[in-house]
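Notes to accompany the following structure.
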Amino acid sequence: MKQSKLLFLILLFFQLSFAQNFELALIPKPQSVKLKNGFFTLDSNSIIIPLSPELNFVSIGLERTPTLSQKKLLYQIAILGKSKKLRKSKNSIFLKTDSTLQHKDEYVLEITKKHILIRGRESGVYYGLVSLMQLIEMHSGAETNVNIPCCKIQDYPSFEWRGMHLDCSRHFFPIDFIKKYIDLLALYKMNVFHWHLTDDQGWRIEIKKYPKLTEIGAWRNGSQQGKYNEQKFDTLSYGGFYTQDEIKQIVNYANNRHITIVPEIEMPGHSLAALASYSNLGCKDTLVQVAKGWGVFDDVYCPTDATFDFLENILSEVMNLFPSKYIHIGGDECPKLRWKKSEFCQQLMKTEGLKDEHELQSYFIRRIEKFVNSKGRQIIGWDEILEGGLAPNAAVMSWRGESGGIEAAKQKHKVVMTPGSHCYFDHYQFKPDSLEPIAIGGFTSVEKVYSYNPIPDTLTENEKKYILGAQGNVWTEYILTPAQVEYMALPRMSALAEVLWLGEKKGIFQDFRLRLIQHFKLLDKLKVNYAKHILN
Ligand code: ACM
């Protein structure tokens, strides 16, 4: 081969591979993309046509975003009806059920010069529409028509738990923002929203049987200000809660976007807001208040029958609201001081043959698990639930590094990885910290998140199967507003979304970074206050 020809081929290769990255700035990057010649032109006559009746109601779910809904067709599905003409509609997007694809959430998106076809099961078609929406938004400019490159995308997620958490106790976020947060998860094909609804600093979910939880427990007489070691507080009443009607609305909203909400009701620790409302549930008769400051507190639920009745009644209402298979019962950071000093606890330990307070915590969690299992659900808890013995069917969320997750997988329990090192999005994301808004500490850059592999090498092939996936946690001690949640969550969420979607096929950070920079255009349209450090 002549040198010039070789050079031409090399250049062509680089141009094509660059074109792939550049043209199809999808996040998460699909498992397989084949670029083809030409473009499909989306124009004002284009409509979405479901070829299978069960797809009539698949919707992209960004209707509430006015800047995007200009492209009405994406958000309005034409019902096929009987018209044959419609089938032949030019420049249209066809949706088709295909149950033969290997993976549950797999989709195939084919873009030709004449039409677009998305096929898969319902969730797959939904993910295909999300990819298409990203392409349309990336390629749309001032003019009405949008030219999208012809291609064939074959795609499916690598992990089944692609989660984001939000702490609504330390600071409370309105329903409208919860919807926006869910939209952002949907944009990146994440599928679990872990909603942290109770903690020392505020109880945020209406419970019909226990109205004082929201009359008293949802409010505090001041909040900690500034850095932790300054120990400064204001005296303003702060609080709020979600009514059961609002929660039903949110569960439905998430469900339409193929997102499961896993509610968290903390026990036995992090329970001051509940104890302030119902003082008979602690081990000590002193009255406690909803916490104003951050941290871990000695007053926790006492493992009495009254406490178990209370928690079971709450969990019954919670399970009626949230259809999720998993119910998060917290389990983290429960000091044992009150239990050590309680005559009741010491007697209970003797009766139940429990050798220490860790085993008493395990007794607590097992008893709750038995109740949750009796309703056909499973518990998931922070990795402290391993201490004193893991409840028989519990899943573990590993946050103090990966060791809890590794231990749980070895014991054949399901695991979600959320190690502080890579998955705590309340950490600083840029150095020096002094240039950033106050955060809890740590350092987790977008690049570090992108480097994460949720499957530890130390596990055997069989043990690896217990890792469901991973999750980004947004604790809000130092996050006061929706705009600040967005700043901390994005773009770290986008990086984690790609880690979890692509699995072993994940590429180099620089490739992700180039696509992410293009995504900022989309985040701007969605009016998201994302962090821009990667531009530097
Ligand atoms: C946790 O961060 N306390 C789970």
Side-chain angles (χ1 to χ4, degrees), residues 161 163-171 192-204 224 228 262-274 291 293-301 326-337 358 361-362 364-365 368 379-388 390-391 394-408 413-429 438-444 448-449 452 454 467-479 485 488-489 492-493 496:
W161 189 298
M164 280 299 292
H165 150 284
L166 184 64
D167 168 11
C168 293
S169 173
R170 275 54 177 264
H171 284 100
V192 179
F193 170 40
H194 171 174
W195 202 359
H196 187 79
L197 287 165
T198 75
D199 215 300
D200 300 304
Q201 294 81 3
W203 185 279
R204 305 287 177 227
Q224 189 164 345
Y228 184 79
V262 174
E264 180 177 356
I265 305 296
E266 272 271 16
M267 62 189 80
H270 285 295
S271 47
L272 280 190
W294 322 133
V296 172
F297 300 90
D298 285 332
D299 284 293
V300 303
Y301 289 114
Y326 288 103
I327 302 295
H328 203 302
I329 49 73
D332 59 322
E333 299 179 317
C334 178
K336 307 297 188 294
L337 184 73
H358 289 301
Q361 152 129 346
S362 171
F364 196 114
I365 302 294
I368 290 294
I379 63 162
I380 183 164
W382 301 109
D383 57 50
E384 286 92 330
I385 67 170
L386 280 151
E387 293 163 6
L390 197 47
V396 170
M397 204 165 254
S398 191
W399 73 281
R400 297 174 301 172
E402 288 189 319
S403 56
I406 291 170
E407 179 55 37
H413 285 250
K414 297 281 172 65
V415 171
V416 175
M417 288 294 190
T418 65
S421 55
H422 294 78
C423 296
Y424 268 47
F425 299 167
D426 55 340
H427 287 179
Y428 287 103
Q429 54 190 317
I438 296 175
I440 200 160
F443 176 68
T444 306
K448 191 167 178 193
V449 176
Y452 188 52
I467 310 292
L468 294 175
Q471 174 179 292
N473 291 341
V474 182
W475 299 102
T476 59
E477 287 92 336
Y478 300 89
I479 301 179
V485 172
M488 299 304 272
R492 290 187 281 196
M493 176 205 291
L496 186 62

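Order of appearance sets the numbers: ligands from 1, and atoms from 1 within every ligand.
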Exercise. Does Glu266 use its side chain to pair, donor to acceptor, with the backbone of Gly330 at less than 3.5 Å?
Worked result: no
Problem set entry | Side chain proximity check, Ser169 to Gln201, heavy atoms < 4.5 angstrom | yes
Exercise. Without hydrogens or angle criteria, can the side chains of Trp399 and Glu384 be said to hold a donor-acceptor pair below 3.5 Å?
Worked result: yes
Problem set entry | Pair His328 + Trp195: ring centers closer than 6.0 Å | no
For this session: Mind listing the closest non-hydrogen atom pair of Leu272 and Asp200 along with its distance?
Result: N-OD1, 3.1 Å
Tabulating one pair per line, provide the atom names and distances (0.1 Å) for every N/O atom of ligand 1 that is less than 3.5 Å from a protein N/O atom.
| from | atom 1 | to | atom 2 | distance (Å) |
| --- | --- | --- | --- | --- |
| ligand 1 | 2 (O) | Tyr424 | OH | 2.6 |
| ligand 1 | 3 (N) | Asp332 | OD2 | 2.7 |
| ligand 1 | 3 (N) | Glu333 | OE1 | 3.2 |

For this session: Just do the ring pair (Phe, Tyr, Trp, His ring centres under 6.0 Å) check on His194 and Trp382 with the steps written out, would you?
Result: CA-CA 12 Å; His194 171 174; Trp382 301 109; 5.6 Å; yes
